[in-house]
Amino acid sequence: MPAQPIPAEELRAAVEPVRAWLAGEAEQPPRAAVGAAVKTSARWLAQQAPGRSVEVRVPPHVAVQCIAGPRHTRGTPPNVVETDAATWLRLATGTLDWATAAADGKLTASGNRADLSGHLPLSPLSPSGRHRGQKPSPG
């Protein structure tokens with residue numbers, strides 16, 4: 001049975017308790033709060049970009065497969081993104097961009113499909129309410 005879709009409100013609610021920490025304005029929240037934010041945001045990405053060609057790993061919290069394309073069935077997938085919880089959440093919320101995170105060694109991305117910059121930040125979490133590449137809505 002497939003998982004129920006994650007509503008945008010649930011995503012925002014999961015990430016809200018960690019925002020001050022991500023901004024450097026508070027101590028790290030309890031592991032459960034960080035884990036909930038990481039899991040919900042990674043699963044949101046998988047829901048918005050379904051597929052099995054890229055595995056996104058944020059140990060020890062979650063690993064999800066996403067992005068349409070060739071699917072792997074055994075062993076290490078050819079396209080892997082791995083990062084820590086804080087970096088993932090900063091990418092997801094738009095407080096850190098992909099190129100900077102990669103240049104600073106905050107993530108590893110292997111494979112020709114492992115660049116997630118077109119999918120981040122997650123639109124419900126970004127300051128403008130959209131991810132890079134999306135046009136502003138009229139009005």
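For the numbers below, each heavy atom of this structure counts, side chains included, while hydrogens, waters and symmetry mates do not.
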Trace of the side chain to side chain contact (heavy atoms under 4.5 Å, CB included) decision for L125 with R19: CA-CA 10 Å; L125 300 178; R19 282 193 181 266; 3.8 Å; yes
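- At distances below 3.5 Å, not a single donor-acceptor pair connects side-chain atoms of R52 with backbone N or O atoms of C66.
- The minimum heavy-atom distance linking L120 with W98 is given by the pair CD1-CE3, 3.9 Å.
- Closest approach of P29 and A33 over heavy atoms only: CB-CB, 4.0 Å.
- Here the straight-line distance linking atom CG of L96 with atom CG of D104 works out to 7.5 Å at 0.5 Å rounding.
- Of all non-hydrogen atoms in T40 and E10, the two that sit nearest each other are CG2-O, 4.2 Å.
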Go through it in stages, so that I can follow the logic: the residues are L107 and W88, the test is side chain to side chain contact (heavy atoms under 4.5 Å, CB included), and I'd like the CA-CA distance, side-chain angles, deciding distance and then a yes or no. CA-CA 9 Å; L107 61 85; W88 169 253; over 6 Å; no
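- The pair R57-E55 meets the salt-bridge criterion, since a charged nitrogen lies less than 4.0 angstrom from a carboxylate oxygen.
- Within 6.0 Å of CZ on R31 lie no more than 12 heavy atoms contributed by other residues, nucleotides or ligands.
- Side chain of S41 to main chain of A37: a donor-acceptor pair is present (N/O by atom type, distance under 3.5 Å, no hydrogens or angles).
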Mind running side chain to side chain contact (heavy atoms under 4.5 Å, CB included) on L45 and H119 for me, showing each step along the way? CA-CA 8 Å; L45 171 64; H119 300 280; 3.7 Å; yes
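- Nearest heavy atom pair, residue V62 against residue V38, reads CG1-CG1, 3.7 Å.
- Between Q48 and P124 the shortest side-chain heavy-atom distance does not fall below 4.5 Å.
- Contact detail for A36 and A14: the closest heavy-atom pair is O-CB, 4.0 Å.
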Would you be so kind as to tabulate the donor-acceptor pairs closer than 3.5 Å made by side chains of residues 78-87, with sequence neighbours excluded?
{"residue": "N79", "atom": "OD1", "partner": "N112", "partner atom": "N", "Å": "3.1"}
{"residue": "N79", "atom": "OD1", "partner": "R113", "partner atom": "N", "Å": "3.0"}
{"residue": "N79", "atom": "ND2", "partner": "S53", "partner atom": "O", "Å": "3.0"}
{"residue": "T83", "atom": "OG1", "partner": "K106", "partner atom": "O", "Å": "2.6"}
{"residue": "D84", "atom": "OD1", "partner": "T87", "partner atom": "OG1", "Å": "2.8"}
{"residue": "D84", "atom": "OD2", "partner": "A86", "partner atom": "N", "Å": "3.1"}
{"residue": "D84", "atom": "OD2", "partner": "T87", "partner atom": "N", "Å": "3.0"}
{"residue": "D84", "atom": "OD2", "partner": "T87", "partner atom": "OG1", "Å": "3.3"}

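- Atom CZ of R90 is separated from atom OG1 of T100 by 13.0 Å, given to the nearest 0.5 angstrom.
- With a 4.5 Å cut-off on side-chain heavy atoms, V15 and L122 do not count as touching.
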